[in-house]
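Written below as structure tokens is the structure these notes are about.
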Number of protein chains: 2
Amino acid sequence: MTDSTAPKSVTLHDVAREAGVSLITASRALSNPGVVSEKTIARVQRAVEVTGYIPNLLAGGLKSRRSLTVAALVPNIAVAQFLPTIKALTDVLDAAGYQLILGQTGYDHAREEALLGTMISRRPDGIIVTGLIHSQVSRDRLRRAGIPVVETWDLTDRPVDMAVGFSHVKVGSAIAGFFLGKGWRRLGIATGDDQRAAVRREGFLSTVGHDVPTAFVPAPSSLALGRQALSELLAKDPGIEAIYCSSDQLAQGVIVEAQARGLRIPQDLAVCGFGDADFAAHMEPALTTVQVDGAHIGKLAARMLLDRCRGEAVAQPVVDVGFRIVERGST
Amino acid sequence: MTDSTAPKSVTLHDVAREAGVSLITASRALSNPGVVSEKTIARVQRAVEVTGYIPNLLAGGLKSRRSLTVAALVPNIAVAQFLPTIKALTDVLDAAGYQLILGQTGYDHAREEALLGTMISRRPDGIIVTGLIHSQVSRDRLRRAGIPVVETWDLTDRPVDMAVGFSHVKVGSAIAGFFLGKGWRRLGIATGDDQRAAVRREGFLSTVGHDVPTAFVPAPSSLALGRQALSELLAKDPGIEAIYCSSDQLAQGVIVEAQARGLRIPQDLAVCGFGDADFAAHMEPALTTVQVDGAHIGKLAARMLLDRCRGEAVAQPVVDVGFRIVERGST
DNA sequence: CTGTTAGCGCCTTCAC
DNA sequence: GTGAAGGCGCTAACAG
């Protein structure tokens with residue numbers, strides 16, 4: 001007579017019985033084989049195969065207080081900018097046995113606060129957020145939860161815990177300085193409407209010393225929005241000489257639209273993007289942009305988190321990865 | 001004297017004591033408020049605020065056998081193609097209280113098998129994979145684990161459980177038919193080296209009736225690889241008339257390279273992509289491509305999974321979302 | 001509407 | 001090297 005009830009999933013208990021050892025011995029054979037005899041290990045392993053046992057990490061984690069998960073909060077997964085970071089995070093964490101739990105904040109503080117709550121309730125061993133956490137409620141809750149946190153893609157003197165990023169004010173300022181150094185005076189900005197892009201714009205303006213025509217586009221930015229942005233900017237100043245775009249996608253759109261209008265890049269219009277996306281170096285003309293090593297940010301953040309999980313102190317809780325302007329054909 | 005020990009995290013027990021009710025009443029007040037009196041709920045909620053309680057989903061899940069997580073396996077997060085699907089998944093699942101656990105298979109079957117194992121050990125309430133699961137070991141394990149599974153971005157008569165996708169053979173065949181209908185006979189292919197791209201190529205070739213010059217590029221494909229692919233194809237056949245590319249990124253590269261060489265699109269060279277990326281409609285010329293509704297795939301997959309989680313039967317376990325060729329300026 | 005009892009599956013602590 | 005208790009934090013199941 002076969003088992004007609006629900007196929008109760010096989011537990012370590014079943015493995016132990018099959019192997020003729022106690023529960024705890026089976027447990028040790030699998031998770032701490034150093035302290036168990038070879039023979040026992042072999043028997044347990046055979047029992048695992050016979051029974052088709054797959055451990056339950058949730059149960060183990062309850063006792064050991066390690067979920068082997070890391071929560072990652074991004075504004076929007078479809079924003080290509082963060083993909084190298086997410087990829088690096090996934091790779092490094094996976095190699096250490098950790099999996100990523102993904103959440104989207106939608107560039108919305110209330111949403112971020114709620115999401116952080118549900119993430120904490122999953123007891124991740126670490127939390128990585130893109131951008132800084134501004135809500136005081138969230139900052140307090142994270143501190144109280146005692147979960148290691150890395151804020152990324154931005155910098156602050158006062159991180160919740162750790163931070164890996166760069167200064168957006170300096171980026172904006174550097175681009176403005178670069179434009180001014182080229183002798184361009186009629187400038188424009190095509191920018192997303194998120195927090196960090198806004199800070200870059202402020203840095204740009206403060207270096208320029210006055211306001212400049214700006215086209216704002218909603219996130220996530222795209223080639224299509226870039227074309228539209230150029231139309232707006234040309235309407236505001238038909239003699240515009242150089243445009244800073246808050247993403248390479250926008251810059252690509254600006255260039256496509258400019259070329260469609262018969263403008264020569266960079267003679268008639270110079271364009272600088274942000275992010276150094278994979279296509280930036282291979283466009284015609286190649287795109288001048290700001291290189292930020294997103295993969296490096298991800299790798300560092302993951303390593304800092306893992307160090308913390310191992311109980312090691314992190315030497316440098318705030319890391320500035322910097323950035324650099326990569327000058328190419330579009331300027 | 002303040003507590004000098006580790007700040008033992010506050011549990012439901014503390015909330016119950018603070019509220020002056022039993023543990024289970026506190027539990028119900030939070031997770032099943034319908035069966036508890038208003039007054040009690042208010043007291044418990046006040047106690048939650050006073051204590052700063054954040055529930056432990058891991059513990060609850062152990063008993064209730066619901067982790068409120070869904071595992072998503074993609075070949076590579078950096079492949080833009082799947083982003084709309086992942087985004088839709090995240091959105092729909094999040095609205096239902098589920099979070100996504102992300103894993104990358106790297107287009108590698110052994111890796112996929114291992115990853116599925118670690119995912120199962122996290123006891124997700126559902127698993128979504130891009131592509132079909134070919135390994136028999138994995139198929140058996142998934143079935144035995146009794147976890148709902150949706151295979152996406154492809155179709156099969158024999159899914160592990162459920163499937164949402166379309167036929168890649170038909171896509172390849174449709175593009176070939178489209179090219180032939182235009183009168184083009186000197187054809188070429190620029191394609192990624194993954195399984196599904198290979199199947200599209202086979203569909204293309206079988207409709208054409210003979211082999212055609214092909215440039216293979218490693219995943220993930222990119223604009224740069226597209227430029228390189230065109231160089232290869234022109235070397236193989238300088239008189240090539242039309243090229244099918246396995247992604248819009250590749251197609252964009254082919255077009256950029258063609259334009260850099262002074263070829264006119266589509267008069268000298270016609271190009272068709274795959275995926276209808278956000279930029280495809282806005283290039284110059286706009287890109288003819290195959291539209292696949294990745295967001296729809298994600299939404300459907302999430303809903304099917306959620307239905308299953310609610311114990312409802314899914315009416316149609318295999319859904320063909322189809323595709324269509326969007327004809328634009330590049331052909 | 002509220003409480004008591006008994007675990008979920010595993011691992012930590014202590015004994016042998 | 002192995003084993004027997006006990007409990008992680010919470011929730012089904014049954015009482016009252």
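Below, read A as the first sequence line, B as the second, and so on, with proteins coming before strands; counting in each chain starts at 1. Remember, predicted model here, so these are calculated numbers, not experimental data.
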Handout entry: Interface with DNA chain C, restricted to residues 31-46 of chain A and to heavy atoms under 4.0 Å
Key = none
Completion exercise
Whichever of B:Gly20 and B:Lys63 has the more 5' nearest nucleotide on DNA chain C, that residue is B:Gly20
Problem - First encountered from the 5' end of DNA chain C, between B:Val21 and A:Ala59 - result: B:Val21
Check whether any side-chain nitrogen or oxygen of [X] sits under 4.0 Å from OP1 or OP2 of [N], and answer yes or no.
| X | N | answer |
| --- | --- | --- |
| A:Thr11 | C:dG9 | no |
| A:Arg65 | D:dG9 | yes |
| B:Thr25 | C:dG3 | yes |
| B:Ser27 | D:dT11 | yes |

Problem - A:Gly61 backbone acceptor or donor facing A:Ser67 side chain under 3.5 Å - result: no
Practice task
Check whether any side-chain N or O of B:Thr85 sits under 3.5 Å from a backbone N or O of B:Gly294 as a donor-acceptor pair, and report yes or no.
Solution key: yes
How close or far is atom [atom2] of [N] from atom [atom1] of [X], stated in whole angstroms?
| X | N | atom1 | atom2 | result |
| --- | --- | --- | --- | --- |
| B:Arg66 | C:dC8 | CZ | P | 18 Å |
| A:Ile120 | D:dG9 | CD1 | C1' | 17 Å |
| B:His13 | D:dC10 | NE2 | C1' | 13 Å |
| B:Leu57 | D:dC10 | CG | P | 10 Å |
| A:Leu62 | C:dC11 | CG | C1' | 10 Å |

Completion exercise
Of the candidates D:dG3, C:dG9, C:dG7, the side chain of A:Ser22 sits closest to D:dG3
Problem - Listed nucleotide nearest any side-chain atom of A:Tyr53, set D:dA4, C:dC10, D:dC10 - result: C:dC10
Practice task
Check every strand shown and say whether B:Ile24 touches a base, only sugar-phosphate, or nothing at a heavy-atom separation below 4.0 Å.
Solution key: base
Exercise for the section: Describe the nucleic acid contact of A:Leu58 in one word from base, sugar-phosphate, nothing, applying a heavy-atom distance below 4.0 Å. Expected result: nothing
Problem - Where at least one partner belongs to residues 75-91 of chain A, residue pairs that pass salt bridge (charged side-chain N to carboxylate O under 4.0 Å, His left out), sequence neighbours excluded - result: A:Lys87-A:Asp91
Exercise for the section: Would you kindly check whether a donor in the side chain of B:Arg28 faces an acceptor in the base of C:dG3, or vice versa, at under 3.5 angstrom? Expected result: yes
Handout entry: No-hydrogen, no-angle side-chain donor-acceptor test under 3.5 Å, A:Glu113 and A:Ser135
Key = yes
Completion exercise
Interatomic distance, CE@B:Met162 vs CG@B:Leu305, rounded to 0.5 Å, equals 5.5 Å
Problem - Sub-4.5 Å side-chain heavy-atom contact between A:Arg123 and B:Ile54 - result: yes
Practice task
Mind jotting down which residue pairs meet the ring-ring contact (aromatic ring centres under 6.0 Å, His included) criterion with at least one end in residues 88-142 of chain B? Sequence neighbours excluded, please.
Solution key: B:His109-B:His134
